[in-house]
Amino acid sequence: MMLFDVDVKGALSIQKHFPNDSILIFIQPPNFEILKKRLENRNTENPETLKRRLERVPMEMEKGRYFDFQVVNDDLQKAVDEVDEIVQTNMKNII
């Protein structure tokens with residue numbers, strides 16, 4: 001098993017090349033404002049980079065509907081538990 005943290009285009013590319021051997025999980029924020037606040041609070045990006053990243057959000061949300069699963073990260077432990085359950089359940093189907 002391999003686990004990748006990639007953007008939506010990269011994930012869809014992996015799925016295209018390995019349709020029977022991949023599980024795509026889209027982690028989405030509860031809403032745009034919470035995402036914006038989380039990114040600002042990290043202080044890991046300059047204003048221009050942050051602006052570009054936020055401009056991509058509508059496209060990413062649209063592409064997220066092509067993923068196998070969507071998990072809303074409104075509570076970190078709940079989201080982690082959901083992802084763990086998805087992986088544990090579905091790994092049996094592709095191994």
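Hydrogens, waters and symmetry mates are skipped; everything else that's a heavy atom, side chains included, is used. For this chain, numbers begin at 1 and follow the sequence in order.
With sequence neighbours excluded, no residue forms a side chain to side chain donor-acceptor pair (under 3.5 Å) with D5. In terms of the side-chain contact (heavy atoms from CB on, under 4.5 Å) criterion, residue partners of V80 (sequence neighbours excluded) are, by chain and number, L76, Q77. E82 is linked by a side-chain contact (heavy atoms from CB on, under 4.5 Å) to V71, K78, counting only residues two or more places apart in sequence or in another chain. Residues passing the side chain to side chain donor-acceptor pair (under 3.5 Å) test with E60 are R56, sequence neighbours excluded. E48 is linked by a side chain to side chain donor-acceptor pair (under 3.5 Å) to nothing, counting only residues two or more places apart in sequence or in another chain. In terms of the side chain to side chain donor-acceptor pair (under 3.5 Å) criterion, S13 has no residue partners (sequence neighbours excluded).
Using a 4.5 Å heavy-atom threshold, the side chains of E85 and D81 count as separate.
No more than 12 heavy atoms of other residues, nucleotides or ligands shown are found within 6.0 angstrom of CZ on F18.
Hydrophobic clustering of Ile, Leu, Val, Met, Phe, Trp and Tyr side chains at less than 4.5 Å, counting indirect connections, unites I23 with V83. V6 and V8 fall into different hydrophobic clusters, where Ile, Leu, Val, Met, Phe, Trp and Tyr are joined by side-chain heavy atoms under 4.5 Å apart, directly or via other members. Hydrophobic clustering places M61 together with F32 (ILVMFWY residues linked when any side-chain heavy atoms are closer than 4.5 Å, directly or through intermediates). F26 and I14 end up in different hydrophobic clusters when Ile, Leu, Val, Met, Phe, Trp and Tyr side chains are linked at under 4.5 Å. Tracing side-chain contacts under 4.5 Å through hydrophobic residues (I, L, V, M, F, W, Y), one reaches F67 starting from L35; they form part of the same cluster.
A distance of 10.0 Å separates CG of N20 from CD of Q15, quoted to the nearest 0.5 Å. To the nearest 0.5 angstrom, L24 atom CG is 11.0 Å from N90 atom CG.
The one candidate from L54, T44, I34 that meets the side-chain contact (heavy atoms from CB on, under 4.5 Å) condition with L39 is L54.
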Working note: R42 + E45, criterion salt bridge (Lys or Arg N to Asp or Glu O under 4.0 Å); need CA distance, chi angles, decisive distance, verdict. CA-CA 8 Å; R42 287 182 190 168; E45 301 177 51; 5.6 Å; no
Can you check side-chain contact (heavy atoms from CB on, under 4.5 Å) on Q28 and N73, steps first, answer last? CA-CA 6 Å; Q28 64 187 58; N73 184 11; over 6 Å; no
Evaluate the criterion salt bridge (Lys or Arg N to Asp or Glu O under 4.0 Å) for residue pair K51 and E55; output intermediate values, then yes/no. CA-CA 6 Å; K51 179 178 180 275; E55 288 171 349; 2.9 Å; yes
Does I86 form a side-chain contact (heavy atoms from CB on, under 4.5 Å) with D68? I'd like the steps, not just the answer. CA-CA 10 Å; I86 291 167; D68 301 308; over 6 Å; no
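Nearest heavy atoms, D74 versus R38: CA-NH2, 4.3 Å.
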